[in-house]
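Atoms considered below: every heavy atom in the structure, side chains included; atoms not considered: hydrogens, waters and symmetry mates. Here is the naming used below: chain letters follow the sequence lines, and residue numbers restart at 1 for every chain.
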Number of protein chains: 2
Amino acid sequence: MADTPHTGKPLRADARRNRERVLAAAEEVFAEGGPAASTEEVARRAGVAIGTVFRHFPTKEELVQAVFAQRVRQLVDEAETLSTADDAGAAFFAFFVRLTELSIAKHAFADVLAGAGIDVGAIGRTHPQETSHLRAAVSTLLTRAQRAGAVREDVRTPEVLTVMIGIARAAEQTPSDSQVLARVLDIVFDGLRPAR
Amino acid sequence: MADTPHTGKPLRADARRNRERVLAAAEEVFAEGGPAASTEEVARRAGVAIGTVFRHFPTKEELVQAVFAQRVRQLVDEAETLSTADDAGAAFFAFFVRLTELSIAKHAFADVLAGAGIDVGAIGRTHPQETSHLRAAVSTLLTRAQRAGAVREDVRTPEVLTVMIGIARAAEQTPSDSQVLARVLDIVFDGLRPAR
DNA sequence: TGACAAGTCGAGTCGTCACTCATATTTTCG
DNA sequence: CGAAAATATGAGTGACGACTCGACTTGTCA
């Protein structure tokens with residue numbers, strides 16, 4: 001499940017271990033301070049010299065993208081798990097809720113979605129595999145929910161992704177007084193359901 | 001309508017003119033590149049030395065806040081104009097549409113809303129006047145729309161602001177292929193209307 | 001008009017950050 | 001075990017951006 005480097009050569013044992021550590025540290029650091037956090041901080045948290053970080057990820061951009069790709073994979077996992085649930089409608093809406101939770105926990109989480117879901121942004125270019133999986137997973141959730149009569153027929157995947165991004169972004173800075181967030185979700189969900 | 005400096009002293013003629021130029025240039029520059037754009041660039045665009053920018057806005061933060069406050073004032077203006085319209089429901093929804101237009105045109109426009117509308121963010125602290133006006137204006141639009149039966153009774157201002165922020169943020173990076181944006185607005189509007 | 005305060009100018013300071021590279025260390029494998 | 005290759009280290013480099021300050025210019029007002 002780890003991010004495999006582009007080269008086919010097998011990594012030395014310590015190198016593989018350090019790569020994992022760096023990636024994990026980056027995930028933490030970026031979750032707290034966003035992708036603007038310094039590479040130094042990532043190295044410190046990983047217990048590794050800064051040169052090591054750059055050996056594995058030659059550019060800060062690549063490090064950020066690797067973390068984002070990991071998050072996309074997590075989202076896809078959750079979406080795929082949900083898409084086997086009995087109640088397709090509930091599963092679809094549950095994914096939204098999960099998204100807001102993750103956005104609150106991780107700085108710049110919405111950026112992941114935005115890059116992967118909508119335009120040909122950075123993640124879309126650097127990790128086409130992951131991003132197309134995400135679109136596919138959301139599309140499946142949506143289609144199943146529509147078959148179950150839980151979501152309007154005229155809604156398509158791009159709209160859903162855009163709404164998700166919006167919700168995620170709003171959640172990112174809504175105070176944890178989530179009464180408001182719950183109400184917002186109610187509103188959006190009502191808009192997504194077939195005419196009452 | 002210009003941003004008045006805190007001091008009571010009247011500014012010298014050239015100083016007042018330069019202040020305007022700097023503010024206008026900053027509005028442009030930040031609209032294009034976001035608030036991360038350099039102060040140098042603002043000075044260049046204003047046709048002024050960098051020292052002059054710092055004389056009027058001793059900190060980059062203050063410059064950004066001044067621009068944001070100006071945008072909030074513009075929003076309030078539009079909201080107040082709309083709140084005198086005959087069709088209160090249409091006016092309320094028109095404000096959303098206007099918001100997406102502005103967000104597409106101006107980088108970091110949603111941040112303005114977010115800071116002013118929701119939490120006690122930077123703008124809320126530095127320009128309490130403007131931000132409370134915005135909340136009031138949106139509240140008026142909402143109340144009138146509800147009286148007209150165009151919006152669900154159980155929706156409150158905080159939810160509306162949060163939804164607006166989400167929409168604005170999503171609009172900020174949706175490609176100008178706005179078919180999607182229009183559909184998203186449809187969904188949200190349906191969610192805001194009374195049960196069909 | 002003259003002189004002084006207010007304002008402008010812009011080269012320079014300081015701090016931060018991504019990124020490099022020569023040296024030291026570790027792993028691997030015959 | 002003992003190279004040789006891979007990897008780690010971390011002080012150093014260069015670029016950039018916010019902010020300063022002393023010399024210079026301009027507006028104001030008696």
Side-chain angles (χ1 to χ4, degrees), chain A residues 2-30 32-68 107-108 122 126, chain B residues 2-30 32-68 107-108 122 126:
Chain A
D3 208 29
T4 28
H6 307 317
T7 88
K9 317 275 179 180
L11 285 177
R12 228 170 67 177
D14 57 342
R16 192 165 46 252
R17 188 174 18 114
N18 279 340
R19 186 170 220 280
E20 293 301 323
R21 280 189 189 164
V22 168
L23 213 50
E27 167 64 57
E28 276 185 36
V29 171
F30 294 158
E32 289 166 20
S38 79
T39 310
E40 274 262 353
E41 175 63 23
V42 172
R44 201 175 307 129
R45 188 88 58 115
V48 135
I50 195 171
T52 302
V53 175
F54 279 99
R55 157 163 272 262
H56 290 291
F57 305 93
T59 267
K60 171 156 193 190
E61 182 66 16
E62 289 184 50
L63 176 58
V64 173
Q65 295 304 325
V67 169
F68 279 14
H107 216 290
T126 57
Chain B
D3 209 29
T4 26
H6 307 316
T7 88
K9 315 278 178 181
L11 285 177
R12 230 169 67 175
D14 57 341
R16 192 164 47 251
R17 199 188 18 181
N18 279 340
R19 187 170 220 280
E20 294 301 323
R21 281 187 187 166
V22 168
L23 213 50
E27 167 63 56
E28 274 184 38
V29 171
F30 293 158
E32 290 167 18
S38 78
T39 310
E40 273 263 354
E41 175 64 25
V42 172
R44 201 176 307 129
R45 189 87 58 112
V48 133
I50 194 170
T52 301
V53 175
F54 279 99
R55 157 161 270 263
H56 290 291
F57 306 93
T59 266
K60 170 155 197 195
E61 183 66 15
E62 287 184 51
L63 176 57
V64 172
Q65 294 304 324
V67 169
F68 278 14
H107 217 288
T126 57

Contact summary for Arg16(B) and Leu11(B), nearest pair of heavy atoms | NH1-O, 3.2 Å
For Ser38(B), report the nucleic acid contact type (base, sugar-phosphate, nothing); a contact means any heavy atom under 4.0 Å.
-> sugar-phosphate
Whole-Å distance between dA8(D) P and Arg19(A) CZ?
-> 11 Å
Between C1' of dG10(C) and CZ of Arg44(B), the distance in whole Å | 13 Å
Under 3.5 Å, which donor-acceptor pairs link side chains of residues 33-42 of chain A to any protein atom two or more places apart or in another chain?
{"residue": "Ser38(A)", "atom": "OG", "partner": "Glu41(A)", "partner atom": "N", "Å": "3.2"}
{"residue": "Glu41(A)", "atom": "OE1", "partner": "Arg44(A)", "partner atom": "NH1", "Å": "2.5"}
{"residue": "Glu41(A)", "atom": "OE2", "partner": "Arg45(A)", "partner atom": "NH2", "Å": "3.4"}

Would you mind reading off the distance between Glu20(B) atom CD and dG7(C) atom C1', rounded to a whole angstrom?
-> 16 Å
Approximate separation, where rounding is to 0.5 Å, of Leu63(A) CG and Phe68(A) CZ | 10.0 Å
When every nucleotide of nucleotides 19-30 of chain D is labelled 5' to 3' by its protein contacts under 4.0 Å (heavy atoms), B for base, S for sugar-phosphate only, - for none, what sequence of letters results?
-> BB-----BSS--
side-chain N/O Asn18(B) vs dT8(C) OP1/OP2, d < 4.0 Å = yes
Could you tell me the separation between the CZ atom of Arg55(A) and the P atom of dT26(C), rounded to a whole number of Å?
-> 16 Å
One should read off an interatomic distance between Glu20(B) CD and His56(B) NE2, to the nearest 0.5 angstrom, of 9.5 Å
Listed by chain and number, what are the salt bridge (Lys or Arg N to Asp or Glu O under 4.0 Å) partners of Arg17(B), not counting sequence neighbours?
-> none
Over how many whole Å does the gap from His56(B) atom NE2 to dC9(C) atom C1' extend?
-> 12 Å
Just how far, in rounded Å, is P of dC16(D) from CD of Glu41(B)?
-> 14 Å
Look up atom CD in Gln65(B) and atom NZ in Lys60(B), then write down how far apart they are to the nearest 0.5 Å.
-> 12.0 Å
